[in-house]
Protein chains: 4
Amino acid sequence: MIIVMKKDASEADIQRVAQRVVELGFRTHLSKGEERTIIGLIGDERPVNWETLERMEGVEKVLRVLPAYKLASRDFKPENTVISIQGTRIGDREVVVMAGPCAVEDRPQMREIAQAIKETGVHILRGGAFKPRTSPYSFQGLGQEGLEILAEMREEFGLAIVTEVMAPEQVPLVAQYADILQIGARNMQNFALLHAVGELNKPVLLKRGMMATVEELLMSAEYILSHGNYQVMLCERGIRTFETYTRNTFDINAIPLLKSLTHLPVIADPSHGTGKWNLVGAVSKAAVAAGADGLIIEVHPHPSRALSDGAQSLKLPAFAELMTGLRAVAQAIGREL
Amino acid sequence: MIIVMKKDASEADIQRVAQRVVELGFRTHLSKGEERTIIGLIGDERPVNWETLERMEGVEKVLRVLPAYKLASRDFKPENTVISIQGTRIGDREVVVMAGPCAVEDRPQMREIAQAIKETGVHILRGGAFKPRTSPYSFQGLGQEGLEILAEMREEFGLAIVTEVMAPEQVPLVAQYADILQIGARNMQNFALLHAVGELNKPVLLKRGMMATVEELLMSAEYILSHGNYQVMLCERGIRTFETYTRNTFDINAIPLLKSLTHLPVIADPSHGTGKWNLVGAVSKAAVAAGADGLIIEVHPHPSRALSDGAQSLKLPAFAELMTGLRAVAQAIGREL
Amino acid sequence: MIIVMKKDASEADIQRVAQRVVELGFRTHLSKGEERTIIGLIGDERPVNWETLERMEGVEKVLRVLPAYKLASRDFKPENTVISIQGTRIGDREVVVMAGPCAVEDRPQMREIAQAIKETGVHILRGGAFKPRTSPYSFQGLGQEGLEILAEMREEFGLAIVTEVMAPEQVPLVAQYADILQIGARNMQNFALLHAVGELNKPVLLKRGMMATVEELLMSAEYILSHGNYQVMLCERGIRTFETYTRNTFDINAIPLLKSLTHLPVIADPSHGTGKWNLVGAVSKAAVAAGADGLIIEVHPHPSRALSDGAQSLKLPAFAELMTGLRAVAQAIGREL
Amino acid sequence: MIIVMKKDASEADIQRVAQRVVELGFRTHLSKGEERTIIGLIGDERPVNWETLERMEGVEKVLRVLPAYKLASRDFKPENTVISIQGTRIGDREVVVMAGPCAVEDRPQMREIAQAIKETGVHILRGGAFKPRTSPYSFQGLGQEGLEILAEMREEFGLAIVTEVMAPEQVPLVAQYADILQIGARNMQNFALLHAVGELNKPVLLKRGMMATVEELLMSAEYILSHGNYQVMLCERGIRTFETYTRNTFDINAIPLLKSLTHLPVIADPSHGTGKWNLVGAVSKAAVAAGADGLIIEVHPHPSRALSDGAQSLKLPAFAELMTGLRAVAQAIGREL
């Protein structure tokens, strides 16, 4: 951490700041420039509440040198984290596809989807039983019955299950049914929930909030890791920008950026990332080309009758065709799918 | 709701959409323009999942006519909602100020603050016992002990208490101590939490998410209202933009906009809205001039030693001076403070 | 265009609006819903200043039905526009790569780059002679001398030249040297400049402003087209968001979106789109996978001594390696490079 | 400037960077922390192209210590710049109001407006003769005839004139008629235009780009100042965010922030800052309460027939009433209007 003093800071100001830094357990390093004096902190700056230093007399600003996360960083663990689920290895050479409807609606819907995606080579089925909806008047999910239907699909088709958990008190229930627990974008900074899944021994798919920076996503992962659960996948699902044609702006930069900053697997969600079914194919291929370790894609047999997210769901034949295209792109960059 | 058909939509496409709309319980109204056919829905469109209509063959886009919220709208209830707390009326002629530290740290800190703000004419004390922090390594709040300290301050100084609740299972505990339950910006779409406070009979201060639109804020209020709790205040606390000098961009437009769209009281939080103590005074005055029903301001006796949010906290003498300035602005627009 | 009347609009209000619409040369179509009356305009709405209708008594809002651009739309011209430059066809099956330094610095630099990119199969050389710089203290480009160097490279290596023009009065000079005139992101809405290049008979590369929506980009293209120049390429180069790790957020969604909305070729600029050289490779591959018709990439023999944009420039060997990778991705989606 | 080396940077990397810094004319200051080595530059960092340093082997990132602007900073000139126009002093104790239509339409319109605003105490008339419009099909302004009408109003009513200039070649013409030349938001980084007005000896009103940071606004002012014209006013006119209810988000924080960073006067444009006439009054009062030195407000006798910006223009009686309200707010904060 580096403290930049104001141009007109007095010697006494500088001494007070330096002394405070020593109190906080750091050694200091003073550097007098032409216009400004700079005080460097020597030691692990992560636990320091830098804001308070900014309030001291004579301080202009405080610059962080280290990222705020530690366990999630490549500095801490250089090799990729690989998460194994029923023989599928996420974060390794293979690009893993998860597919399914936004919401579990009923058994026939799920069976039709499960069968269709199974045939395309997908190993993981997605589907929401608890649905976070912006309107209290929208379909809120089937709840436990939805989880039971998902478990039946696992039984019948040998697919692993990824489904969302919305509140700390739902964690034990959802963990009983799911192979991967999803934390939704709106809950990325629901710290009570992060704490709860951090105490599980099950993989977690952590979605980036639509308003969250890459650093904040990594800090939320750090919450889970710091409670002992190291099986965390990060999911880029689009951020909110001024553009209104698309529901979100898929942040393709985040894919290689995350791969360089962290050892955790990176999954792309082009369905939410675009919000429009006719852009999902192109952005799926882009995400694979950019180095994503996996994709999570919404499919539905009859999108125009879906209870949720119909506008961004692929029909089953389109999805099968996309899988072929994705395989070619994965091979072009030296991976498999 | 209005459905715009594609230029090349066939007559059969149009018929199918019109029929679907009838199935959904609406009457339709067809209008053939020069380039496009348009289908209007007659009836209450709010419960309709418009996305699925967008997926039908031949549909170009779907335009909403009504806002998605109802109970929160001025159309539904034209007169202002006034919330009474220990004789203070929020949403009426008086501009109400809530003040206190970001986090409850200990008894002496809280007593010093409570006494100082009481003397300036403040009626409501803020302070966090449960703190949502982006880093797992930061101070997380005193928990129940913090709530007990707050309750003591109410007893000793006659101040009402506003404090944050972070998870549904904390609601009963926090409701036992607080006069107003605060939902933080990061939890604005924590729907399980909104549901939980919606079943209380206590005022709720709902903060706008840093990347939430005004409409989404109103939808989150609608969640609480739809579960039976009508005592909701909305709080503008700054949104996230590309500007980096300030922590957030205080959305001053949202103050008169919300006052025109909804009957609920509107509170401004210039501390989070700026993130810099030296901008808090100017933006507080601006919020009052723009018509805010109240302010929530962070103060601390020693910001450079605060456990949280020191950079945006006012010192106690500066706060007292600000109160005088705010009173003059309130009078200039025909209100009191 | 659709005019939504307020809930409490009077019959007289409705009549006045309907009459005004007729004055403007449209036929109207009235639809009385349960809560709102809606007035449809029948005719080409593009020239209408919709804002003024919004100011009429009793009007709640005005919804546009047609996009504001016409000549640039696929509705107007369904087949792809292909632009031929010295035998290279942009907008056709081949993915075209343009490469070169941010700024033309001197002859040896340009010769080294031109030779290196020529060997990788590139046909178009980029390089700025007039440089828009945020600081008046930064290198502003070599001006005409830079243009002359570029022309020499065309002569010597048979490369076509793309270079930026910054002001209307520079257009004749730059057009004398360049094969493609680039309009920079900061000038996307410099309407005097758009007008000037619209009167040329030379290809234009129009970069999306960092603050511009896809629709605004298409409107700026419309300016050029409406003045008679149909050889316009659109360039996605990243938009400004709240994310600070990267210089811009490359909007990958915009690639397939633009391909669906317009017949004009779409070029991707991953150098500005990321601002970090180590992300350029991944995002270049992503852009090709998403369907871009071309790439424009910054390269430099010694980025750490570049006069501009060193942080995002690839070294020449890294660029050569990337070309191989891009070729594989292009083939995977059925194109060539 | 501070260079943070990577965790695994070698001694040779550090030496190479230090040597480069010396080549660039700086003294260096080395500090070895526990995880990182840091190299400080001693000297004026402003002319350095920091990006290239970031590309050197072993460098993790480069942190700036000084702002990039100099002449515009309060450090450089602590006292307020006051600009005098026909006896009106902008940047001093008085809050100055500029008012008029978006576009000059014809003589009767301008005379009606000029007379009405004159009666409310306004000294400066705004009105566009050259109009930057996003659509080539919209009204583009009357051009020179518009300038002549403005000059007549000055003659007849004794009002000073502010009007926009859109291209370098228009500068001499516009400067002949205007008292203040306006640079529009879309031209804030039209560097050729900034250069041209920098060589004038006339006041310039520089509008913040809708996606420009406060620092970029100051850098654009620096362009003008560095060419010798010190009479620059900065104008906050709203930035682009994800919020769609309002046309822009007025950045109220920027008012006190700019007043602390720069000595230049700060003007607020609540018409563009909101885009909605019914929010203009509240945001005007807010801007004055926050410390703006002036306001620029769009008015029109018949907004529903305006050729441009009708949705955000106040009618003349509403404007007169607002002036009374503004006067009260100005007095409440110890200023006049």
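Chain A is the first sequence line, chain B the second, and so forth, proteins listed ahead of strands; every chain is numbered from 1.
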With a cut-off of 3.5 Å and sequence neighbours excluded, list every side-chain donor-acceptor pair involving residues 60-68 of chain B.
residue  : atom : partner   : partner atom : Å
Glu60(B) : OE1  : Arg36(B)  : NE           : 3.4
Glu60(B) : OE1  : Arg36(B)  : NH2          : 3.4
Arg64(B) : NH1  : Glu215(B) : OE2          : 3.1
Arg64(B) : NH2  : Glu215(B) : OE1          : 3.2
Arg64(B) : NH2  : Glu215(B) : OE2          : 2.5

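Heavy atoms closer than 4.5 Å to chain A are found in both the backbone and the side chain of Gln189(B). At a 4.5 Å heavy-atom cutoff, the contact between Glu54(A) and chain B is made by side-chain atoms alone. Both the backbone and the side chain of Arg133(A) come within contact range of chain B, judged by heavy atoms closer than 4.5 Å. Neither the backbone nor the side chain of Arg16(B) comes within less than 4.5 Å of any heavy atom in chain A. Looking at Leu307(A), the atoms closer than 4.5 Å to chain B (heavy atoms on both sides) all sit in the backbone: N, CA, C or O.
Contacts with chain B were tallied for His227(A), Met188(A), His195(A), Gln140(A); Gln140(A) has the most, counting heavy-atom pairs under 4.5 Å. Ranking Glu169(A), Glu57(A), Lys70(A) against chain B, the residue ahead of the rest is Glu169(A), based on heavy-atom pairs under 4.5 Å. Ranked by heavy-atom pairs under 4.5 Å with chain A, the first of Met211(B), His300(B), Lys276(B) is Met211(B). With chain A as partner, the option from Pro168(B), Ser226(B), Ser135(B) having the largest number of non-hydrogen pairs under 4.5 angstrom is Ser135(B). The candidate from Pro132(B), Ala167(B), Ala192(B) with the greatest count of non-hydrogen atom pairs under 4.5 Å with chain A is Pro132(B). Counting heavy-atom pairs under 4.5 Å between each of Glu216(B), Lys315(B), Arg305(B), Met210(B) and chain A puts Arg305(B) at the top.
Contact annotation: the side chain of Phe191(B) never approaches that of Lys131(A) to less than 4.5 Å [non-hydrogen atoms, C-beta and beyond]. Taking 4.5 Å as the limit, every side-chain heavy atom of Arg240(B) sits out of range of all side-chain heavy atoms of Arg240(A). Taking 4.5 Å as the limit, every side-chain heavy atom of Met166(B) sits out of range of all side-chain heavy atoms of Asn190(A). Counting heavy atoms from C-beta outward, Glu222(B) and Tyr137(A) have side chains that approach closer than 4.5 Å.
Residues satisfying the salt bridge (charged side-chain N to carboxylate O under 4.0 Å, His left out) criterion with Glu105(A), sequence neighbours excluded, are absent altogether.
Atom CD of Gln19(B) has 12 or fewer neighbouring heavy atoms from other residues, nucleotides or ligands inside a 6.0 Å radius.
Remark: side-chain polar atoms of Arg55(A) are paired, donor with acceptor, to backbone N or O of Ser313(B) under 3.5 angstrom.
In this structure, CG in Leu193(A) is found 10.0 Å from CG in Asn187(B), a value given to the nearest 0.5 Å.
Ser304(B) and Arg20(A) make their closest contact through O-NH1, 2.6 Å (heavy atoms, listed as atom of the first residue, atom of the second, distance).
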